[in-house]
There are 2 protein chains.
Amino acid sequence: MELMENDKRKLPAHISGHECTARLLPVKDALDILSGKWKLQIIISLTFGKKRFKQIQREIPGLTPKMLSKELKELEINELASRHVYDTSPVTVEYEITPYGKTLKPLIEELYKWGAKHRKRIIARK
Amino acid sequence: MELMENDKRKLPAHISGHECTARLLPVKDALDILSGKWKLQIIISLTFGKKRFKQIQREIPGLTPKMLSKELKELEINELASRHVYDTSPVTVEYEITPYGKTLKPLIEELYKWGAKHRKRIIARK
DNA sequence: TATACCGGTTTCCTAAAGTATACCGCTTTC
DNA sequence: GAAAGCGGTATACTTTAGGAAACCGGTATA
C-alpha cells in the first residue's frame, strides 16, 4: 500500500483491484453471519434488554416461531446471543445479547441512520 | 419518548417494545435495498472508481454475469449506481457510484471493521 | 479464418429462505 | 373444565436467490 488513499487518478485496474479485494473479504465475512431477513432485527431487539421467546416474536412483526428458533440457534453458535434456561415450571427461557454481540452496535447504528435517511428520501419523492 | 435513553431498569415490555419498533423499521428499509450476496460488494468495487462490466466481474470472485446484470439494475433503480453508455463500437459501458451511493460509505466502513475483527477472531480460535 | 473480448441475455436447475398451520406438554387464570 | 400463555417442534409448501452453461452481435487480433 504505497499509494495515497485519495490518489486514484492513475491507478491501473489491477492495482485498484487488489485494494478492492482487501476490502471485500471482511465484508463478505460480516455478511455471511448477518445476512437474512431476521438476524439483525433480533439482535436489535435484544439490544433493548433480555427477552423471552414470545416476547421477541411479538416485537418483530411477521417473525414466525420456526424462523425465530432457527435464527436464535445461529446467533448462539456465533456467540452473538446467549440462551438462559431457568428451572421454573414450565421452564422460563431468556435470550440475551453477548458482549461480542454488543460489538455490532456501531454497525447497527450506521444501518439505522442510513435506513432512516433513506426512508425520508423515499417518502419525500412520492 | 419521555424516558431517558439509558434508563432501562424498569421499562415494562410494551414500552421497550415501542422503542424497539422505532429502530426496526429503518433497519428493515436499509436491509431491503442492501441485502443479498452481491450488492454491497459491487458498491465497494465502484467505490474505487468507475468500472466496466467485465471489470467488476473480474474483481468480485464468483460473481456471474447474470447476477451482476441483475444487481446493477437494482442499484440503478435505487440510484446508488449509474450506467453510462459511450457510443463507441462496440459500445463501452461504465458504471459509477452516485453521490447517494457514496452516503453508504460510513456503513460500509463499519461493516468492514466488524468483518475484519470477526475474521481475526475466527482464525484465532481454530 | 479462428479465437477472444465486450456487455450482456436466456434457459434450466438446485438449495436455501421463508410462510402457514397445527401441535406438544406444562401451568395459570377464568 | 375451557382457554390462553409458555417455548418451542413438525410438516408441508411456495418463493426467492443464486449457480452453470450456452449463446448473441459486434469488433479486434493473430
Side-chain angles (χ1 to χ4, degrees), chain A residues 12-14 17 24 27-43 45-46 49-78 81-96, chain B residues 12-14 17 24 27-43 45-46 49-78 81-96:
Chain A
H14 66 285
L24 253 31
V27 170
K28 271 197 67 173
D29 289 343
L31 255 31
D32 278 349
I33 285 196
L34 270 16
S35 69
K37 197 172 175 181
W38 305 114
K39 265 175 216 110
L40 277 168
Q41 294 191 65
I42 294 168
I43 291 172
S45 163
L46 294 181
K50 295 180 184 180
K51 298 265 165 74
R52 298 175 60 175
F53 191 89
K54 294 279 182 185
Q55 200 176 351
I56 301 171
Q57 204 197 325
R58 263 183 260 115
E59 277 184 9
I60 304 178
L63 179 51
T64 61
K66 178 189 163 186
M67 287 310 291
L68 178 52
S69 171
K70 183 194 146 212
E71 301 289 55
L72 282 171
K73 278 173 190 160
E74 290 179 30
L75 291 179
E76 247 198 290
I77 287 170
N78 291 314
S82 58
R83 183 176 186 266
H84 306 284
V85 183
Y86 298 105
D87 194 9
T88 55
S89 163
V91 285
T92 305
V93 182
E94 278 185 347
Y95 291 91
E96 192 180 0
Chain B
H14 66 283
L24 252 31
V27 169
K28 272 197 67 175
D29 289 343
L31 255 31
D32 278 350
I33 286 196
L34 270 17
S35 70
K37 197 171 173 181
W38 304 115
K39 263 174 218 110
L40 278 168
Q41 293 190 67
I42 293 168
I43 291 172
S45 162
L46 294 181
K50 293 180 185 183
K51 299 264 165 74
R52 296 174 62 175
F53 191 89
K54 293 281 182 187
Q55 199 176 351
I56 301 171
Q57 204 196 325
R58 264 182 259 116
E59 275 184 10
I60 304 179
L63 179 51
T64 61
K66 176 192 162 186
M67 287 311 293
L68 178 53
S69 171
K70 183 193 147 212
E71 301 290 55
L72 282 171
K73 278 173 191 161
E74 291 179 28
L75 291 179
E76 244 198 293
I77 286 171
N78 291 312
S82 58
R83 181 175 188 267
H84 307 283
V85 183
Y86 299 104
D87 195 9
T88 55
S89 164
V91 285
T92 305
V93 181
E94 275 185 348
Y95 292 91
E96 190 179 2

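In what follows, every chain begins at residue 1, and chains take the letters A, B, ... in the order their sequences are listed.
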Can you find a side chain N or O atom of [X] that sits less than 4.0 Å from OP1 or OP2 on [N]?
| X | N | answer |
| --- | --- | --- |
| A:R58 | D:dG7 | no |
| A:S89 | C:dC26 | no |
| B:R52 | C:dG7 | yes |
| B:Y95 | C:dG8 | yes |

What integer distance in Å separates [X]:[atom1] from [N]:[atom2]?
| X | N | atom1 | atom2 | answer |
| --- | --- | --- | --- | --- |
| A:L72 | D:dC6 | CG | P | 15 Å |
| B:I60 | D:dG19 | CD1 | C1' | 16 Å |
| A:M67 | D:dT15 | CE | P | 17 Å |
| A:D87 | C:dT27 | CG | C1' | 15 Å |
| A:E74 | C:dG18 | CD | P | 10 Å |
| B:E94 | C:dC6 | CD | C1' | 13 Å |
| A:Y86 | D:dC6 | OH | C1' | 16 Å |
| A:K37 | C:dA16 | NZ | C1' | 14 Å |

Kindly indicate whether the side chain of B:P65, heavy atoms from C-beta on, has any atom under 4.5 Å from the side chain of B:F53.
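Yes, side chains in contact.
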message: On a heavy-atom basis, which atom in B:L46 and which in B:Y95 lie closest, and how many Å separate them?
response: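 Taking every non-hydrogen atom into account, CD2-O, 3.6 Å.
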Q: Looking at every strand, decide which applies to A:K73 at a 4.0 Å heavy-atom threshold: base, sugar-phosphate, or nothing.
A: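 Contact class for A:K73: sugar-phosphate only.
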Notebook entry, point to check: Is a donor-acceptor pair below 3.5 Å formed from side chain A:K66 to base D:dT9, judging by atom type as modelled?
Noted result: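 Absent.
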Just compare C:dC6, C:dT9, D:dG19 and give me whichever is closest to any side-chain atom of B:P65.
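Selected nucleotide: C:dT9.
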Quiz item: Checking side-chain contact (heavy atoms from CB on, under 4.5 Å) for the pair B:L31/A:K37: CA distance, chi angles, key distance, verdict?
Solution: CA-CA 8 Å; B:L31 255 31; A:K37 197 172 175 181; over 6 Å; no
Self-check item: NZ on B:K28 to CD1 on B:I33, rounded to 0.5 Å
Solution: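 Atom-to-atom, B:I33:CD1 and B:K28:NZ are 13.5 Å apart.
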**Asked** Considering heavy-atom distances to DNA chain D, does B:T64 or A:K70 have its closest nucleotide positioned more toward the 5' end?
**Response**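 In this pair, the answer is A:K70.
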If you assign B:S69 and A:P90 each to the DNA chain C nucleotide with the nearest heavy atom, which residue ends up on the more 5' nucleotide?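 Nearest nucleotide further toward 5': that of B:S69.
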Legend entry - Who pairs with D:dA30 - Watson-Crick or G-U, where each distance is under 3.5 Å: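 Its partner is C:dT1.
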Next item on the list: Start with the C-alpha distance between A:Q41 and B:L24, add both sets of side-chain angles, then the distance that settles side-chain contact (heavy atoms from CB on, under 4.5 Å), and finish with yes or no.
Entry: CA-CA 6 Å; A:Q41 294 191 65; B:L24 252 31; 3.8 Å; yes
